Each structure stands twice: as structure tokens, then as C-alpha cells.
Amino acid sequence: MNYWLMKSEPDVFSIDDLQREPKKTAHWDGVRNYQARNHMRSMNRGDHGFFYHSNCAEPGIVGILEVVREAYPDHTAFDPASKYYDPNSATEKPRWDMVDVRFIRRLRRTITLAELRHLSSLDGFALVRRGNRLSVMPVSADHWQLILGLED
DNA sequence: GCCAACGTTGGC
DNA sequence: GCCAACGTTGGC
């Protein structure tokens, strides 16, 4: 099993929104960055990921999700009414993909970005690299366990 | 292929 | 709201 981290702005789509979805499952649409898309293409059913809240008062990891459907075309790219519309992503040759993810649980507390930045043991973790803006990134098994260990 | 201009992300 | 750090676009 591989581990991931996926960012979402809570004002747009929060961990609570995911929990409220039917079957607690949602499309992870709107990714418009090639590196992030390629990470989604590498995901396997059953992989786990951190749900990260970005661009908010307390940025950090708030929960855990599971990949329940592997990458397939992101239909919002075909929809002129969508803010994620991409005229360069033709339906016969889709440029952008999404995965389906299911809510597993909330963390008992938010593990903040500020806190993670202070851990030298997380050196090399993409999230805490300076200037990182990637919205979907891998997490090593070691880092996954280490971060979960911070929860209590 | 270079690179300046522009747009976006996201912490603070 | 500011702005640093990137990514993308498009002229040449």
C-alpha cells in the first residue's frame, strides 16, 4: 500500500463535506497540475491518504481517506460551466484525471503545518519543502507512521 | 529552446 | 491583503 497527501481548501471542500457525501465518497476533481495528476495516476485502490486543509486559518492534516477508484478522466474539464473547464482537454483525449476517495476518519486533532515544519525527521517530505504548492503528493511509509504518532 | 510576462497557490 | 515561489504561456 502507498500513502498520499491531498490538499483541499475547507471553504471549497472540507473533510466534513467528504464525510457527508453519499457512501462518504467523492470525486477528487479539479486537479490541474501535471505533477499532481501523475501522482493520482499512480494511486492504487486501497491506498490511504492524509486529508489536508489548505488556505485556511489553521493549515494542516485533519483526516484519513482511502482511494476507492483509480484514475479516470475528470469530467469537469469538459464542462464549460465548470470553473475547472479546460478547452484543451478534449473528450476523446482527456488531459486531466481524478480519483474517488472515501472518508475513513477524522484525526482527533489537526496536525498543523507549523508543527510539521519543526520536525527534522520530516526533512525531505514534499509538504514541508520551501515553496511547495503541489496539491497531491506521496508520503513515505515512515513519514506516514511518524505523523500518525503525533496525533495523541 | 529561451525567457519575460502573467496567473495561481497558499502561508502568513 | 501581501507576496514568494512556482507553473504556464507565447513571442521570438
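To find a chain, count down the sequence lines: A is the first, B the second, and so on, and within it residues start at 1. From a predicted model like this one, the values you see are computed outputs, not experimental measurements.
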Could you pull out the protein-nucleic contacts involving nucleotides 4-9 of chain B (nitrogen or oxygen on both sides, under 3.5 Å)?
| residue | atom | partner | partner atom | Å |
| --- | --- | --- | --- | --- |
| dT8(B) | O2 | Arg133(A) | NH1 | 2.8 |
| dT9(B) | O3' | Arg133(A) | O | 3.4 |

**OP:** Identify, with sequence neighbours excluded, every residue that meets salt bridge (charged side-chain N to carboxylate O under 4.0 Å, His left out) alongside Arg129(A).
**Re:**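 Testing Arg129(A) for salt bridge (charged side-chain N to carboxylate O under 4.0 Å, His left out), a comparison that skips the adjacent residues, returns none.
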**OP:** Could you check if a side-chain atom of Asp79(A) sits within less than 4.5 angstrom of a side-chain atom of Tyr84(A), using non-hydrogen atoms only?
**Re:**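 They are not in side-chain contact.
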Subject >> Helix axis bend for the helix from dG1(B)-dC12(C) to dC12(B)-dG1(C) - C1'-based end axes, five pairs, 10° rounding >> reply: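 Here the local axes at opposite ends form an angle of 10°.
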Subject >> Strand contacts (DNA chain B) in residues 48-63 of chain A, 4.0 angstrom heavy-atom criterion >> reply: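 By residue number: Tyr52(A), Ser54(A), Asn55(A), Pro59(A).
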**OP:** Name every residue in residues 109-118 of chain A that has at least one heavy atom under 4.0 Å from any atom of DNA chain B, in order of residue number, or write none if there are no such residues.
**Re:**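 Residues of residues 109-118 of chain A under 4.0 Å from DNA chain B: Leu113(A), Arg117(A).
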**OP:** Describe, in one word, how the ring planes of Phe51(A) and Trp28(A) are oriented to each other, choosing from parallel (under 30°), tilted (30 to 60°) and perpendicular (over 60°).
**Re:**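 Phe51(A) vs Trp28(A) ring planes: perpendicular.
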Original post:
Are the side chain of Glu66(A) and the backbone of Ile104(A) linked by a donor-acceptor contact shorter than 3.5 Å?
Top reply: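 Checked: no pair found.
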**OP:** Using modelled atom types only, decide if a donor and an acceptor are shared between the side chain of Ser14(A) and the backbone of Asp16(A) within a distance under 3.5 Å.
**Re:**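 It does hold such a pair.
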**OP:** Return yes if a side-chain donor-acceptor contact under 3.5 Å exists between Asp123(A) and Ser120(A), otherwise no.
**Re:**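 On atom types as modelled, these side chains do not qualify, holding no pair under 3.5 Å.
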**OP:** Scan side-chain atoms only and decide if Asp142(A) and Ser140(A) contain a donor-acceptor pair under the 3.5 Å cut-off.
**Re:**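 Checked: Asp142(A)/Ser140(A) side chains show no N/O donor-acceptor pair below 3.5 Å.
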Subject >> His143(A) and Leu122(A): CA distance, side-chain angles, deciding distance, side-chain contact (heavy atoms from CB on, under 4.5 Å) verdict >> reply: CA-CA 7 Å; His143(A) 287 164; Leu122(A) 287 179; 3.5 Å; yes
Subject >> Sequence-distant partners of Trp4(A), side chain to side chain donor-acceptor pair (under 3.5 Å), two or more places apart >> reply: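 Here the qualifying residues are Asp47(A).
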Original post:
Are Glu115(A) and Arg109(A) within salt-bridge range, i.e. N to O under 4.0 Å?
Top reply: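 Result for this pair is yes, salt bridge flagged.
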**OP:** State whether Arg37(A) and Asp74(A) are salt-bridged, where the test is any N-O pair (Lys NZ or Arg NE/NH1/NH2 against Asp/Glu carboxylate O) under 4.0 Å.
**Re:**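 Looking at Arg37(A) and Asp74(A), the cut-off is not met.
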Subject >> Residue whose closest nucleotide on DNA chain C lies nearer the 5' end, Asn132(A) versus Arg95(A) >> reply: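 Here Asn132(A) is the residue nearer the 5' end.
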Original post:
Is the cationic atom of Arg69(A) (NZ for Lys, CZ for Arg) positioned less than 6.0 Å from the six-membered ring centroid of Tyr72(A) and within 45 degrees of its normal?
Top reply: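 Ring-cation test returns yes.
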